[in-house]
Number of protein chains: 2
Amino acid sequence: MARNKRDIDRKDKQDEIIVIARALFLAQGYEATSMAQVARDAGVAPNTLYWYFTDKDDLLIAVLNGLVLASLSEYTQLGSASIKEQLVWLIAQLEQSKRLVFTVHARVEQSQTVQLWHSQFHQMLDHLIVEKLIANGLLKEQAIVIATAGTFIVEGLLTHPHSAQQRDSVIDWLIAQTFSTV
Amino acid sequence: MARNKRDIDRKDKQDEIIVIARALFLAQGYEATSMAQVARDAGVAPNTLYWYFTDKDDLLIAVLNGLVLASLSEYTQLGSASIKEQLVWLIAQLEQSKRLVFTVHARVEQSQTVQLWHSQFHQMLDHLIVEKLIANGLLKEQAIVIATAGTFIVEGLLTHPHSAQQRDSVIDWLIAQTFSTV
DNA sequence: ACCTGAACACCGTTCAAGT
DNA sequence: ACCTGAACACCGTTCAAGT
């Protein structure tokens with residue numbers, strides 16, 4: 001709570017590294033970015049990174065948290081858009097971090113930390129979507145199943161090649177199923 | 001076509017390596033398995049693997065092709081099961097190769113070879129499902145969109161933690177949507 | 001054609017030492 | 001507390017040499 005100067009400095013330096021790592025991870029991918037390169041861009045020795053982050057996965061999670069936070073604050077400003085508009089917005093948002101969606105799924109296999117983050121992220125997203133659907137008149141049980149199916153469909157679109165037309169028809173179908181029972 | 005002894009020997013040795021690699025990849029994961037370990041289990045020097053496969057991704061694809069071929073031949077013996085039974089069978093089948101589903105998505109980012117394999121795999125799967133749905137009375141357009149959505153939902157179930165109940169309700173929902181328009 | 005020993009360039013991470 | 005130079009163990013892959 002009561003943070004002294006030292007804590008703030010540490011946080012600042014951490015954020016500085018996170019910004020640099022985010023740019024590299026998004027541009028080149030997580031695997032293609034070495035800790036050495038992050039360090040070089042940050043102007044420190046490679047092992048200095050381990051003073052601020054326990055390992056590369058820890059740095060990944062810090063980057064992810066930053067991205068999620070930024071998206072959430074943007075989302076609250078979206079206000080009264082329709083469900084479909086919000087869905088399209090979400091996909092566009094995730095599209096920017098496509099690479100990291102892959103990376104998270106890949107690292108879930110290897111790293112317990114990433115695994116925990118991943119399940120918590122989906123829990124949060126699921127909760128958000130279910131609330132939104134209930135507010136739009138769906139029954140709780142319907143909302144839960146559609147939130148799950150919807151999330152998987154969005155992730156599928158992100159991680160698989162497809163035409164714009166294919167995307168539109170799947171989204172339209174999902175929206176239609178969502179409201180067919182109201 | 002006309003294969004001589006030498007070609008057969010080469011194929012045999014390749015298959016031998018593939019079987020060993022498959023066991024290791026499924027048990028420990030692709031990333032966690034080093035080429036050195038595959039070589040050790042195969043009783044050859046590490047660099048010998050590069051005589052039979054151009055690189056580690058090439059070996060991965062050989063393993064994947066073996067798995068897909070085995071599944072397809074099992075599938076044709078499934079005969080007259082209902083759509084839902086076939087869906088449940090497919091999920092159980094993929095569940096066994098869960099790790100490699102992650103791996104393929106991760107490697108798609110890095111390797112053009114894997115990217116090509118991945119898109120061809122989905123093309124084949126999609127075609128199979130669409131045909132099956134049309135044979136069950138769906139219109140072509142409906143079949144296409146449901147094949148896409150269904151594939152994504154199945155992949156989502158594979159790659160995300162969920163309860164048995166959650167799985168059942170999503171599958172039931174998908175089946176219900178599939179036949180609601182017939 | 002097939003296989004190997006030795007090396008290469010690189011990786012994430014650790015350790016002892018400095019300030 | 002913060003940072004570094006040097007090293008460690010490992011990785012996928014290559015190369016020159018042997019049969």
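All chains are named by letter (A, B, ...) in the order of the sequence lines, taking the proteins before the strands, and each is independently numbered beginning at 1.
As rounded to whole Å, 3 Å separates atom P of dC3(D) from atom OH of Y52(A). One can place CZ of R107(B) at 10 Å from P of dG12(D), the figure rounded to the nearest angstrom. Separating the CZ atom of F53(B) from the C1' atom of dT14(D) is a distance of 18 Å, rounded to the nearest angstrom. Between Y50(B) atom OH and dA1(C) atom P the separation is 21 Å, expressed in whole Å. In this entry the distance linking CG of D9(A) with C1' of dC3(D) reads 15 Å, nearest Å. Atom CE in M35(B) sits roughly 14 Å away from atom P in dT4(C) (whole-Å rounding). A straight line from NZ of K11(B) to P of dC2(C) spans 14 Å, rounded to a whole angstrom. As a whole-Å value, the separation of Q14(A) CD from dA1(D) P is 15 Å.
Of the listed nucleotides (dT14(C), dC3(C), dT4(D)), dC3(C) has the atom at the smallest distance from the side chain of T48(B). Set against dT14(C), dT4(C), dT13(D), the side chain of K56(B) has dT13(D) as its closest nucleotide. Residue D55(A) has its side chain nearest to dT13(C) when only dC3(D), dT13(C), dT4(D) are considered. You'll find that the side chain of R10(A) is closest to dC2(D), out of dT14(D), dC2(D), dT13(C). Nearest nucleotide to the side chain of S34(B), out of dT4(C), dC11(D), dT4(D): dC11(D). The side chain of W51(B) has dC2(C) as its nearest neighbour among dA1(D), dC2(C), dG12(C).
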(request) Evaluate the side-chain contact (heavy atoms from CB on, under 4.5 Å) criterion for residues E74(B) and W89(B): first the C-alpha distance (whole Å), next the side-chain angles of each, then the deciding distance (0.1 Å), finally the verdict. (result) CA-CA 10 Å; E74(B) 227 184 279; W89(B) 175 86; 3.6 Å; yes
(request) List the steps, then state whether side chain to side chain donor-acceptor pair (under 3.5 Å) holds for Q86(A) with Y75(A). (result) CA-CA 9 Å; Q86(A) 292 191 24; Y75(A) 174 72; 2.9 Å; yes
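Both key distances under 3.5 Å define a Watson-Crick or G-U pair, and stretches of 3 or more such consecutive pairs in DNA chain D run C:4-8 with D:12-16, C:12-16 with D:4-8.
Ring to ring, H105(A) and H160(B) are close: their centroids are under 6.0 angstrom apart.
Salt bridge annotation for R167(A)-E95(A): present, with a cationic side-chain nitrogen under 4.0 angstrom from a carboxylate oxygen. Comment: K13(A) does not engage D9(A) in a salt bridge, judged by the lack of any side-chain N to carboxylate O separation of less than 4.0 angstrom.
T33(B) comes within 4.0 angstrom of sugar-phosphate atoms only, judged by non-hydrogen atoms across all strands, and of no base.
Note on ring orientation: taking the six-membered ring where Trp is involved, the planes of F121(A) and W117(A) are parallel (angle under 30°, cut-offs 30° and 60°).
Both E31(A) and G43(B) lie close to DNA chain C; mapped to their nearest nucleotides by heavy-atom distance, the more 5′-ward contact belongs to G43(B).
No cation-pi contact links K11(B) to Y52(B), judged by a cut-off of 6.0 Å to the six-membered ring centre and 45° from its axis.
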